[in-house]
Q: 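Following this message is one structure expressed as C-alpha cells.
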Amino acid sequence: MPESITTMQIIETWLAVGFTLMIYTFLYKDNPIFKLGEYIYVGLTAGYAVCYAWFTVIWPDLIYPLYRALTVSFHIKQWEKPLESHENLWLIIPLVLGILMLTRFSSKFNWLSRYTLAFIMGSVSGMSIPLVVSANIFKQMVPTLNPFWGPEVTIFQTINTCLILVGVIAVLIYFFFSVEHKGAVNKVARLGIFYMMVSFGAAFGYTVMARESLVIGRVTKLIKWASPDYYYATIILLFIIIGLVVLTELFSSRGERTE
Amino acid sequence: MIKRQLPLLIAFAMGVIFIIQFFIPHQISQDLLTWVNKWLMIIGGISLLLGIYSLLNFHYLQIFRNKPGWGFSLIMFFSFLISVVVGFTPSLINVILPLPESSVQSAEQVKEWYRITGLKDGSSLDWIFRHGITPLSATMFSIIGFFIASAAFRAFRARSLEATLLLLAAVFIMLGQTPLGGMLWSGIPDIMTWILSTPNTAAKRAILFGIAMGSISFSLKIIFGIERAYLGGKN
Amino acid sequence: MTSEPKFHIIRWVIFALVALAIIIPVIVSEKIKLPDTSSRVVKNIYDKIESLPAGSPIILSIDFDPSSDEELRPMTMAILRHVFRKKLRVIGMTIWSPQSSGLMGDIFTTAAKMENKQDGLDYVIMPFKPGGSSVILNLSQDIFFTYPKDYKDKSTKELPVLKGIRTLKDMKYAMCISAGNAVDVWIVYGKEKGKMPLGAGCTAVMATDYYPYLQSGQLVGLMGGIGAAAQYESLIGEKGIATERMKPQTVVHSLIIILIVVGNIVYFTRRRKG
Amino acid sequence: MNKMMPWFRILFLGLISLLGFNNDIFAQNTLVSPQDFTAFDTPNDAGGSVSLTWRVVPENNKPEVPYLILAATAPDGPWFEQTTLVNLKSDYPQYFGLSASNKLWSYCEITDFKQSLTDDNPKPITATTYFKLAVTDGSKTLGFSSVVSAMHQGNWFDASKINILIFVVIFSFVIMFFISLARKNPDLFIRRIPGLDAIEEAIGRATEMGKPILYLNGLDGMGSLSTIAATSILGKVARKVANYDSQIKVPCRDPIVMSVCQEVVREAYLEAGRPDAYNQDNIFFITDDQFAYAAAVDGLMVRHKPAANLYMGYYYAESLLLAETGAAIGAIQIAGTDSITQLPFFITTCDYTLMGEELYAASAYLSREPLQTGSLKGQDFTKGLIILILILGSLASTAGITFLVNLFKTF
C-alpha cells in the first residue's frame with residue numbers, strides 16, 4: 001500500500017483534508033478559516049462555471065458550428081469540407097438573444113433584454129403546461145382510482161385505498177383558497193394537515209439516513225487519511241486548523257469586532 | 001410598443017407554439033423542441049458573463065475601497081483565476097496549434113475532441129474539480145448531517161397534535177430503517193412501510209395536484225400577459 | 001427563534017455528539033455487533049428467492065450507472081450471492097445505459113468468483129440494448145432474438161444457462177435494481193407480460209415513491225439503499241460493506257431519537273412548571 | 001385438432017411416427033396461413049416507422065411457431081428476412097388505444113431494413129417498403145401472406161395525447177372564465193395565508209432593527225416556474241421594503257434570474273416612489289455551484305445577520321443548510337416551495353412555510369388584483385372537479401368500469 005501512493009496523491013490528500021476541515025469549522029461558528037474556505041470555493045466554482053460553459057455549450061454548440069456554417073455558406077473557404085449543414089445558421093437567433101441579454105450592462109438599452117426574457121418565459125411556460133398535466137395530474141390520477149373491493153382485494157387493501165382517497169381529498173380541500181376554513185371545511189382541511197404532517201415527518205426521518213451516510217463517508221475518509229501512509233494528514237491539519245481558529249478567536253475578541 | 005407590447009407578444013407566441021408542439025409528433029416539431037432547449041442553454045451560457053461581472057465587480061470594489069476583509073476578496077479573485085487559467089490553457093494551445101485537417105472526419109469529432117481537451121478525466125481542469133471542488137462540496141453537503149440532528153432536536157416537540165404526528169412519523173421511520181426498530185418491536189418496520197405507502201402517498205399526490213393547478217394557471221397568466229412582473233419597468 | 005448563547009451551546013453539544021456517534025463506531029467497527037433484523041419488504045425478496053427450486057431461471061436487471069454504484073452495489077452483491085448459492089440460473093441485463101453493462105460485468109464476475117460460478121453455465125450477461133420498454137416487450141416474445149449474443153459476443157443459443165428458456169414467461173422471478181425510472185418500466189411492461197414475481201431495488205431517496213406498488217401487490221419486495229442491503233447481508237449470513245456502514249448509521253439514528261426524547265422531556269417538565 | 005384430448009393426441013402422434021408418417025404434414029395441418037395482413041404508417045409518431053398487423057389465430061399462437069416477417073423494396077422482391085418478434089396490438093396503446101379488440105391482433109413495428117435476420121447494421125427505412133408474412137414451424141416456411149406495402153411518414157397530431165389536450169383546453173377556459181368574472185366582480189374572498197401575512201411583520205421588524213432582509217429565489221434557473229413565481233413575489237416584497245425604507249439583499253445562483261430580480265426590484269422601488277433608494281449591488285450573483293452558493297449564503301447570513309430570511313422557489317438538499325443557519329442567527333424565516341422533498345426541512349426550521357400551490361398563489365394574494373385572484377378561483381374550481389372525478393372514478397372502478405381510469409392514462 002505505502003509504495004503505491006505517489007507524491008501527487010499525498011498533495012491531493014492534504015488539499016482535501018485541509019478543505020474538509022476548513023468547512024467543518026463552520027459547525028463551531030463563522031470564523032476566518034471557514035471564510036477562507038468559502039471564498040476559495042466560490043472562486044473555484046465560478047471559474048469552473050466559465051470554463052464549463054465554454055467547453056460544453058458556447059464553443060461546441062454555438063461558435064464552432066456557426067463559424068463552420070458561415071464559412072461554408074458564404075464560400076469564404078471553399079476548400080473546407082461542409083462539416084455543418086446550413087441549419088446551423090439558426091444559431092444566430094440564440095446568439096442575438098444572448099447578446100440582447102448583455103444589454104443589461106447599459107442603462108440606455110437594457111430594455112432590449114426583455115425580448116430574451118419574454119422568449120425564455122414564454123417557451124418555458126408553454127413547454128411546462130402539457131408536461132405538468134401529464135406528470136402531476138394524469139399520472140397521479142390513475143393509481144388513485146383503485147377499486148375499493150373486488151376479487152383480489154384484501155380487507156387491508158380496501159382500508160388503505162379508502163384512507164388514500166380520503167387523504168387526497170382532505171389535502172386538496174386544505175388547498176382551496178376561495179373558501180374560508182370554517183366549520184366542516186376547517187375540519188376536513190385540518191385532516192389534510194394531519195396527512196401532510198405524517199408525510200413530512202416520514203420524509204424527514206427517511207432523509208436522515210441519506211444525510212448521515214454523507215458524514216460517515218467523509219469521516220471514514222478523514223480517518224483513512226490520518227494514517228502514516230499519508231503522513232498523518234488529518235491529525236496534523238486538525239491541530240493546525242484548531243490552533244488557527246483559537247488564535248483568530250483570541251485576536252478578534254481582543255481587537256475591534258469587525259463584520 | 002416596442003418596449004412593452006412586443007415582449008408580451010413574443011411570450012404569447014412562444015407559449016402557444018410550445019403548447020401545440022407537445023401534441024405534434026412530427027420530426028419538425030421534435031427538432032424545434034431540441035433546438036429551442038439548446039438555444040436556452042446557449043443564452044444561459046452567454047448570460048453567465050452578467051453573473052461573473054456582478055461577482056468580480058463586488059469583490060473588486062471590496063478590494064479597492066479597502067473594506068474590512070478585502071484580503072478574502074483577493075483570495076476569491078485568485079482562486080477564480082486559477083480555475084480559468086488552468087481551464088483555458090489547453091484550449092489556448094489548441095488555437096496556436098491548429099487542428100490536423102486530415103484527422104477531422106466530422107463536426108461531432110471536432111466537438112468531442114475539443115470537449116475532451118478541456119474537461120476530460122485527467123485534464124488540468126478536471127484535477128481542480130476532483131481535488132479542489134469535490135472535497136469542498138462533499139463537506140458542505142455532509143454538514144446537513146449535523147444540521148438535521150439539531151433541527152430534529154428543536155422542531156420535534158409534541159406541542160400540538162400536528163407536531164406530534166410529525167414527530168411520531170419521523171421517529172418510526174428512523175427506527176424502521178435501522179436494525180434498532182426491529183429489535184425494539186418487530187412491528188416497527190411494518191408501520192414504516194404502511195406510513196410510507198398510505199398517508200405519505202395520499203399527501204404527496206394531493207400536493208402534486210395542487211402544484212399542477214398552481215403552476216399551470218401561473219403559466220397561462222404568463223402566456224396571456226397577466227403576470228408580467230419579470231418584464232420590469234414601464235419605460 | 002432565539003439567538004441567545006444557550007441556543008448555540010446546545011447546538012455545539014448536538015454537533016459534538018453526532019461527530020462522536022460517527023467517529024467512534026467507525027473506529028471500533030469490529031467490536032460492534034448489530035442485531036439481525038429485517039423488514040418484511042426485504043425479507044419477502046429473500047423468501048421468494050429461497051423458495052425457488054435449484055435451476056430456476058431468474059432475471060436481474062441492473063439499471064444503474066457508476067454514479068450510484070456505491071449505494072446500489074452492496075445490495076446487488078448480496079442478492080447475487082444468494083441466488084448463486086441457491087443454484088439459480090441468472091440472466092443479467094440492463095435497459096439503462098451502456099455503462100451499466102460494464103458495471104454489471106464487474107459485479108457479476110466478483111460475485112461469481114466468491115461463489116465459484118461460471119459465466120455461461122450459471123449466469124449470462126446481456127449487452128445493453130436501447131429502447132427500454134420495447135426491449136422488455138421483445139423479451140416476452142423471444143429472448144434469443146432480443147439478445148442473439150451475450151456480453152462476450154457468444155451466441156446465446158449455445159449457452160447451457162439458457163437451456164429450455166425462451167421468453168420472459170419462463171422466468172420464475174425478476175428483479176430490477178435501478179437509480180432511475182427503470183423500476184416503473186419493469187412494473188408496467190415486465191410484470192404485465194411475464195407474470196413473474198417482481199422485486200425492486202433502488203436508492204434510499206427513491207424508495208418512498210415505490211411503496212404504493214407494494215401495497216397493490218405489483219412488487220413482492222423493495223430494497224432501498226444501504227439499509228436494505230445490510231438487512232439482506234444478515235439474511236444470507238454474509239456481513240459485508242453494507243453492514244459495516246450501518247453500524248455508525250444505527251448509532252446516529254439512536255442518538256437523534258434520544259435527542260428528540262430528551263427535548264420533549266425538557267419541554268414538558270418546563271411547561272408543567274409554567 | 002387442438003380440442004383433442006391430450007392422451008388421444010399423444011397416442012395419435014406416436015402412431016403416426018410409428019407408421020413413419022412425416023411430422024411436417026401434421027404440423028402443416030394445425031397451422032393456418034396469416035389473415036388480414038396489413039401494413040400502414042405507424043400513427044402518432046415522428047416518422048421512420050411502419051406498422052404491420054394481422055389477426056391472432058389460436059392455431060398459430062405458440063411461441064415455437066413464430067411468424068417471420070420479410071421485406072423488400074419492390075413488390076416482387078428480392079425478399080429479406082426482418083424479424084420474428086411479434087407482440088399484440090394491445091401492448092402498444094400509444095398507437096392503438098385501449099380497445100379490448102386489440103388483443104385479437106398481432107403487431108410488429110419495423111423501423112430498419114435488414115439484409116438478414118442477423119444483420120448488425122440495418123439501414124433506416126426510407127421509401128415505400130413491401131412486406132409479406134410467413135408462418136414457420138421454426139425451420140421451414142409453411143405459408144405466405146399476400147404482399148402489402150406502406151410508406152412511413154411523420155404525423156401532425158398525436159391522438160394518444162388527446163386527453164391531455166382536452167384537459168389543457170378545459171383548464172385554460174376555466175381560468176380565463178374566472179379571470180373575466182373577477183374583472184366584473186372584483187371582491188373575491190381569498191382565505192388567509194399566514195405565511196404571507198407574516199411578510200409585512202418581518203419587514204417591519206427588519207426596519208426596526210435596521211437590518212436587511214435576505215430573499216432567495218431558489219436554486220433553479222429561469223426555466224423553472226417556481227423561480228418565476230418567486231421573482232413575482234419578490235416584486236411585491238420589494239415594494240413593501242421600499243415603503244418601509246428597509247434593505248433587501250438578493251443573492252442569486254443564476255445570472256438571468258439575477259437580471260430579472262434587478263429589474264423587478266428596481267420597478268418596485270419606482271412604484272413606491274423611491275427610485276433613489278434602489279441599489280443594484282444588493283442583487284448579486286454568487287456562483288452556480290449548489291453547495292458553493294449555499295456556503296456563501298450561509299456566510300452572508302452569519303456576517304450580516306438579516307432580520308428576516310425569505311426562501312421562495314425550488315430547493316434541493318441545501319434547503320436545510322440555509323434554513324438551519326437562518327434559525328441559528330435568530331431571523332424570522334418564511335419559506336415557500338413546491339419542492340416536495342424539501343418541504344419537511346422548511347416546516348421544521350422556518351416560522352412559516354408556503355406549501356406547494358401556496359407558492360403560486362402568493363403573488364395573487366399579495367397583489368389582490370382581480371385578474372390574479374380570479375385565477376385562484378379557477379384553480380379551486382378545477383380542484384373540485386378533480387375531487388369529483390376521484391370519487392366517481394373509484395366507485396366506477398369498483399363496479400368494474402374502467403372508462404374513467406382509461407381517460408387519464410398517458411403514454
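Every chain is numbered from 1, with letters handed out A, B, ... down the list of sequences.
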Q: OG1 of A:Thr13 to CG of A:Leu222: how many Å apart, nearest 0.5 Å?
A: 11.0 Å
Q: Based on non-hydrogen pairs under 4.5 Å, which of A:Gly217, A:Gly18, A:Gly37, A:Pro32 is most in contact with chain B?
A: A:Pro32
Q: Would the distance check show the side chain of A:Thr116 and the main-chain N or O of A:Leu97 forming a donor-acceptor pair, the cut-off being under 3.5 Å?
A: yes
Q: Could you have a look at B:Ala155, B:Ser137, B:Ser197, B:Ala149 and say which one has the most heavy-atom pairs with chain A under 4.5 angstrom?
A: B:Ser137
Q: With under 30° as parallel and over 60° as perpendicular, where do the rings of B:Trp35 and B:Trp39 fit, or are they tilted in between?
A: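 Rings of B:Trp35 and B:Trp39: perpendicular, as their planes differ by over 60°.
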Q: Let's test your reading of the structure: which of B:Gly132, B:Ser219, B:Ala151, B:Ser150 forms the most heavy-atom pairs below 4.5 Å with chain A?
A: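 Option with the greatest count: B:Ser219.
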Q: Enter the distance from B:Ile10:CD1 to A:Arg114:CZ here, rounded to the nearest 0.5 Å.
A: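 Here the interatomic distance stands at 11.5 Å.
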Q: Let's test your reading of the structure: which of A:Ala16, A:Ser123, A:Gly167 forms the most heavy-atom pairs below 4.5 Å with chain B?
A: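 Highest number of pairs under 4.5 Å: A:Ser123.
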Q: Please rank A:Met141, A:Met121, A:Glu212 by heavy-atom pairs under 4.5 Å with chain B and give me the top one.
A: A:Met121
Q: Are the side chain of A:Ser199 and the backbone of A:Tyr195 linked by a donor-acceptor contact shorter than 3.5 Å?
A: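 Side chain of A:Ser199 to backbone of A:Tyr195, a donor-acceptor pair under 3.5 Å: no, none is there.
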Q: Report which part of A:Phe175 has an atom under 4.5 Å of a heavy atom belonging to chain B: side chain, backbone, both, or neither.
A: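 Just its side chain gets close to chain B.
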Q: Can you tell which part of A:Leu36 gets under 4.5 Å to a heavy atom of chain B, answering side chain, backbone, both or neither?
A: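 Backbone plus side chain of A:Leu36, per the 4.5 Å heavy-atom cut-off to chain B.
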Q: Please identify each residue that fulfils salt bridge (charged side-chain N to carboxylate O under 4.0 Å, His left out) with B:Glu227, with sequence neighbours left out.
A: none
Q: Checking heavy atoms, do the side chain of B:Leu49, its backbone, both or neither come under 4.5 Å from chain A?
A: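 Both the backbone and the side chain of B:Leu49 come within 4.5 Å of chain A.
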Q: Side chain, backbone, both or neither: which part of B:Leu136 has an atom under 4.5 Å from a heavy atom of chain A?
A: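 Both backbone and side chain.
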Q: Does any heavy atom of chain B fall under 4.5 Å from the side chain of A:Ile58, the backbone, both, or neither of them?
A: side chain
Q: Shorter than 4.5 Å, heavy atoms on both sides: which option in B:Tyr53, B:Phe77, B:Phe12, B:Phe172 has the most such pairs with chain A?
A: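 Highest number of pairs under 4.5 Å: B:Tyr53.
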Q: Among B:Ile19, B:Thr198, B:Val84, which residue forms the greatest number of heavy-atom pairs with chain A at distances under 4.5 Å?
A: B:Thr198
Q: Can you tell me how far the CE atom of A:Met209 sits from the CD1 atom of A:Ile216, to the nearest 0.5 Å?
A: 9.0 Å
Q: For the candidates A:Thr20, A:Leu172, A:Ile99, which exhibits the highest count of non-hydrogen atom pairs separated by less than 4.5 Å from chain B?
A: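 Most heavy-atom pairs under 4.5 Å with chain B: A:Thr20.
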Q: Which atom pair, heavy atoms only, marks the closest approach of B:Ala138 to A:Arg218?
A: CB-NH1, 3.5 Å
Q: Relative to chain A, which segment of B:Phe156 carries a heavy atom at a distance below 4.5 Å: side chain, backbone, both, or neither?
A: side chain
Q: So for A:Ser213, is it side chain, backbone, both, or neither that comes closer than 4.5 Å to the heavy atoms of chain B?
A: neither
Q: Answer with side chain, backbone, both or neither: which region of B:Leu40 has an atom nearer than 4.5 Å to a non-hydrogen atom of chain A?
A: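 Side chain only.
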Q: Which bit of B:Ile207 is near chain A, if near means a heavy-atom gap under 4.5 Å: side chain, backbone, both or neither?
A: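 Both backbone and side chain of B:Ile207 come within 4.5 Å of chain A.
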Q: Considering only heavy atoms and a distance below 4.5 Å, find which of A:Val166, A:Thr144, A:Ile193 pairs most often with chain B.
A: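 Looking at each of A:Val166, A:Thr144, A:Ile193 in turn, A:Thr144 comes out on top.
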Q: Non-hydrogen atoms of chain B under 4.5 Å away: do they reach the side chain of A:Phe138, the backbone, both or neither?
A: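 No part of it gets close to chain B.
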Q: Considering only heavy atoms, which portion of A:Ala53 lies under 4.5 Å from any heavy atom of chain B: side chain, backbone, both, or neither?
A: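 Contact with chain B is through the side chain of A:Ala53 alone.
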Q: To the closest 0.5 Å, what do you measure between OG (A:Ser125) and NZ (B:Lys221)?
A: 11.5 Å
Q: With a 4.5 angstrom heavy-atom cut-off, which part of B:Leu220 approaches chain A: side chain, backbone, both or neither?
A: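 When you check distances to chain A, atoms from both the backbone and side chain of B:Leu220 fall under 4.5 Å.
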Q: Side chain, backbone, both or neither: which part of B:Glu162 has a non-hydrogen atom closer than 4.5 Å to chain A?
A: both
Q: Identify which part of A:Ala49 has an atom lying under 4.5 Å from any heavy atom of chain B, answering side chain, backbone, both or neither.
A: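 For A:Ala49, backbone and side chain are both near chain B.
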Q: By a 4.5 Å heavy-atom criterion (distance strictly below it), what part of A:Leu27 contacts chain B: side chain, backbone, both, or neither?
A: side chain
Q: If you measure from OG1 on B:Thr134 to CZ on A:Phe19, what distance do you get to the nearest 0.5 Å?
A: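 B:Thr134 atom OG1 to A:Phe19 atom CZ measures 11.0 Å (nearest 0.5 Å).
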Q: Is a donor on one side and an acceptor on the other found under 3.5 Å between the side chain of A:Thr25 and the backbone of A:Met22?
A: yes
Q: Tell me, for A:Ile93 versus chain B, whether the close heavy atoms (under 4.5 Å) come from the side chain, the backbone, both or neither.
A: side chain
Q: Passes side-chain contact (heavy atoms from CB on, under 4.5 Å), A:Tyr41 versus B:Ile133? Steps please.
A: CA-CA 7 Å; A:Tyr41 193 7; B:Ile133 297 176; 4.2 Å; yes
Q: For the residue pair B:His59 and A:Tyr39, is the inter-centroid distance of their aromatic rings smaller than 6.0 Å?
A: yes
Q: When heavy-atom pairs shorter than 4.5 Å are enumerated against chain B, which of A:Pro143, A:Gly201, A:Gly192 gives the highest number?
A: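 The answer is A:Gly201.
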Q: Could you look at A:Tyr174 and say if it's the side chain, the backbone, both or neither that has a heavy atom under 4.5 Å from chain B?
A: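 Contact with chain B is absent: no heavy atom of A:Tyr174 under 4.5 Å.
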Q: What is the minimum heavy-atom distance between B:Ile188 and B:Gly181, and which atoms define it?
A: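 Looks like CD1-O, 3.8 Å.
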Q: Apply side chain to side chain donor-acceptor pair (under 3.5 Å) to A:Thr161 and list each qualifying residue two or more places apart in sequence or on a separate chain.
A: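 With sequence neighbours excluded, A:Thr161 shows a side chain to side chain donor-acceptor pair (under 3.5 Å) to no residue whatsoever.
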Q: So which of B:Leu55, B:Leu167, B:Leu161, B:Ile211 has the largest heavy-atom pair count under 4.5 angstrom toward chain A?
A: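 Greatest number of close heavy-atom pairs with chain A: B:Leu161.
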Q: Looking at B:Asn200, B:Ile128, B:Thr201, B:Val86, which has the largest count of heavy-atom pairs under 4.5 Å with chain A?
A: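 If we count pairs closer than 4.5 Å to chain A, B:Asn200 comes out on top.
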Q: Does the B:Ser54 side chain pair with the main chain of B:Leu50, one donor and one acceptor, at a distance under 3.5 Å?
A: no
Q: At a heavy-atom separation under 4.5 Å, does A:Thr45 approach chain B through its side chain, its backbone, both, or neither?
A: both
Q: Look up atom CD1 in B:Ile17 and atom CD1 in B:Ile223, then write down how far apart they are to the nearest 0.5 Å.
A: 11.0 Å
